[in-house]
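Report on one structure; see the data block that follows.
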Amino acid sequence: MRLKLILLLISLFVHSNVNADELLIAAASDLKFAMTDIVSLFESANPGVAVRTSFGSSGKFRTQIRNGAPYDLYFSADISFPQQLKALGYSSSAVIPYAKGRLVLLSHKNDMSNSQLASLLHANFERIAIANPRHAPYGMRAKEVLQQAGLWTQLTSKIIYGDSVSHTAQFIVNRHVDAGIVALSLVKSASNSSKASYLLIPETLHSRLIQGFIVTQRGGDNPTAWLFHSFMQSGEVAKILTEYGFETPNQEAISAVGG
């Protein structure tokens with residue numbers, strides 16, 4: 001009996017150490033390239049720490065975390081999602097705004113640099129991709145853009161929905177569609193920047209994309225989660241985010257979305 005107790009204590013000790021050195025992150029897919037660089041830098045500065053990152057729709061991650069998904073940190077493309085989790089008791093930290101995202105009209109078939117949104121009405125734009133507005137913040141804003149531009153009703157039959165903004169970008173990169181509205185941060189990656197033709201969409205056409213993150217309720221017991229929490233607010237990370245086209249959210253913009 002005593003031997004079993006000793007073995008159990010050893011098992012719990014080892015399990016605790018493994019968890020302390022492992023980090024599970026749920027990240028909005030507009031962070032696909034930026035977060036990969038950030039994690040690489042973090043792991044280099046913290047030998048022995050392993051970070052596993054899942055990229056996808058912010059709305060779907062919000063639901064998964066409410067249903068018990070074992071993420072330590074949650075990075076959303078829309079700060080209102082982690083704010084909702086905080087209000088419901090699923091967060092161990094305050095909601096931290098880390099970036100402001102921008103939208104672009106992107107095409108690998110047509111030159112968009114000198115185009116206008118109204119160009120999407122032309123016959124050579126038969127299929128247009130946006131992320132699903134039901135759960136993807138960039139999809140929600142893309143729909144707003146087309147509505148504000150007075151194009152949504154005319155373009156509805158042309159719209160193809162991606163599960164996330166990175167999935168939507170793949171439609172464009174692989175030329176399955178003629179154009180689409182996606183995150184500037186995905187265009188800024190080395191693999192896309194030389195091939196992409198895009199039009200930066202004015203922020204006046206959509207609600208601002210203030211992005212925020214939390215240490216989840218589960219992550220509150222993981223010291224490495226708090227280490228990453230602090231690291232995300234460093235100048236090194238700010239530099240990486242800027243390189244990928246993100247902007248620093250100002251207090252006025254944060255207040256506008258209830259941050």
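This is a predicted model, so every value here is computed, not measured.
- Listed by first and then second residue, the salt bridge (charged side-chain N to carboxylate O under 4.0 Å, His left out) pairs involving residues 107-133 are Lys109-Asp178 (not counting sequence neighbours).
- Every residue two or more places apart in sequence or in another chain that forms a ring pair (Phe, Tyr, Trp, His ring centres under 6.0 Å) with Phe42 is listed here: Phe228, Phe231.
- Checked by atom type and distance alone, the side chain of Ser197 pairs as donor or acceptor with a backbone atom of Met112 at under 3.5 Å.
- Atom OH of Tyr244 sits about 11.5 Å away from atom NZ of Lys32, to the nearest 0.5 Å.
- Residues forming a side-chain hydrogen bond (donor to acceptor under 3.5 Å, both in side chains) with Asp163 (at least two apart in sequence, or on another chain): Lys60.
- The CG atom of Leu103 sits 10.0 Å away from atom CD1 of Ile130, with the distance rounded to the nearest 0.5 Å.
- Nearest heavy atom pair, residue Gly220 against residue Val215, reads N-CG1, 3.7 Å.
- The main-chain N or O of Ala238 is found under 3.5 Å from a side-chain atom of Thr242 such that the two form a donor-acceptor pair.
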### Message
Is there a side-chain contact (heavy atoms from CB on, under 4.5 Å) between Leu199 and Val104? Walk through the geometry before answering.
### Response
CA-CA 5 Å; Leu199 171 71; Val104 297; over 6 Å; no

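- A salt bridge (charged side-chain N to carboxylate O under 4.0 Å, His left out) check over residues 33-45, counting only residues at least two apart or in different chains, returns nothing.
- The minimum heavy-atom distance linking Gly101 with Phe246 is given by the pair CA-CD2, 4.1 Å.
- Looking at Gln217 and Ser91, their side chains never bring a donor and an acceptor atom within 3.5 Å of each other.
- Using a distance-only test at 3.5 Å, with no hydrogens or angles considered, no donor-acceptor pair links the side chain of Arg62 to the main chain of Pro82.
- Listed by chain and number, the residues in a side chain to side chain contact (heavy atoms under 4.5 Å, CB included) with Ala77 are Ala28, Asp30, Ser58, Pro137, Tyr138, Gln211 (sequence neighbours excluded).
- Closest approach of Leu120 and Phe125 over heavy atoms only: O-CB, 3.6 Å.
- Side-chain contact between Thr53 and Thr36 is absent, with no heavy-atom pair separated by less than 4.5 Å.
- Salt bridge absent: Glu243 and Lys188 never bring a charged side-chain N and a carboxylate O closer than 4.0 Å.
- Using modelled atom types, one side-chain atom of Glu144 and one backbone atom of Ser207 make a donor-acceptor pair closer than 3.5 Å.
- Looking only at distances, a side-chain donor or acceptor of Gln154 sits under 3.5 Å from a matching main-chain atom of Gly150.
- At least one donor-acceptor pair under 3.5 Å links the side chain of Thr63 to the backbone N or O of Gly59.
- No side-chain heavy atom of Ser185 sits less than 4.5 Å from a side-chain heavy atom of Leu31.
- The neighbour count for Gln147 CD, taken as heavy atoms of other residues, nucleotides or ligands under 6.0 Å away, is above 12.
- Between His206 and Gln148, every side-chain heavy-atom pair lies at or beyond the 4.5 Å cut-off.
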### Task
Decide yes or no on side-chain contact (heavy atoms from CB on, under 4.5 Å) for Ile38 and Met232, but give the supporting numbers first.
CA-CA 8 Å; Ile38 291 168; Met232 274 300 300; 4.0 Å; yes

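- A donor-acceptor contact shorter than 3.5 Å is absent between the side chain of Ser93 and the backbone of Ile214.
- Side chain of Arg218 to backbone of Pro70: a donor-acceptor contact under 3.5 angstrom is found.
- The distance from atom OG of Ser54 to atom OH of Tyr71, rounded to the nearest 0.5 Å, is 4.0 Å.
- Residue Asp78 holds its CG atom at 8.0 Å from CD of Gln84, rounded to the nearest 0.5 Å.
- With values rounded to the nearest 0.5 angstrom, Glu247 atom CD is found 8.5 Å from Leu184 atom CG.
- Considering every non-hydrogen atom in both Leu241 and Ala34, the closest pair reads CD2-CB, 4.2 Å.
- Residue Ser76 is tested with Phe61, Tyr98, Phe81 for a side-chain contact (heavy atoms from CB on, under 4.5 Å); the sole match is Phe81.
- Proximity of Leu186 to Thr168: side-chain heavy atoms (C-beta onward) are nowhere separated by under 4.5 Å.
- Leu73 contributes atom CG, which lies 8.0 Å from atom NE2 of His229 (distance to the nearest 0.5 angstrom).
- Of all non-hydrogen atoms in Ser29 and Phe55, the two that sit nearest each other are CA-CB, 4.3 Å.
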### side-chain contact (heavy atoms from CB on, under 4.5 Å) between Glu203 and Lys100, intermediate numbers included
CA-CA 11 Å; Glu203 288 184 293; Lys100 182 173 71 170; 3.3 Å; yes

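- Looking at residues two or more places apart in sequence or on another chain, you find a ring pair (Phe, Tyr, Trp, His ring centres under 6.0 Å) between His167 and Phe171.
- Side-chain contact check for Ile181 versus Leu106: every heavy-atom pair is 4.5 Å or farther apart.
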### Task
Any chance you could lay out the side-chain contact (heavy atoms from CB on, under 4.5 Å) test for Leu209 and Arg102, step after step, and finish with the verdict?
CA-CA 7 Å; Leu209 266 172; Arg102 295 297 305 270; over 6 Å; no

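- The backbone N or O of Ser115 lies less than 3.5 Å from no partner atom in the side chain of Ser119, so there is not a single donor-acceptor pair.
- Between Val165 and Ala183, the closest heavy-atom pair is CG2-N, 3.5 Å.
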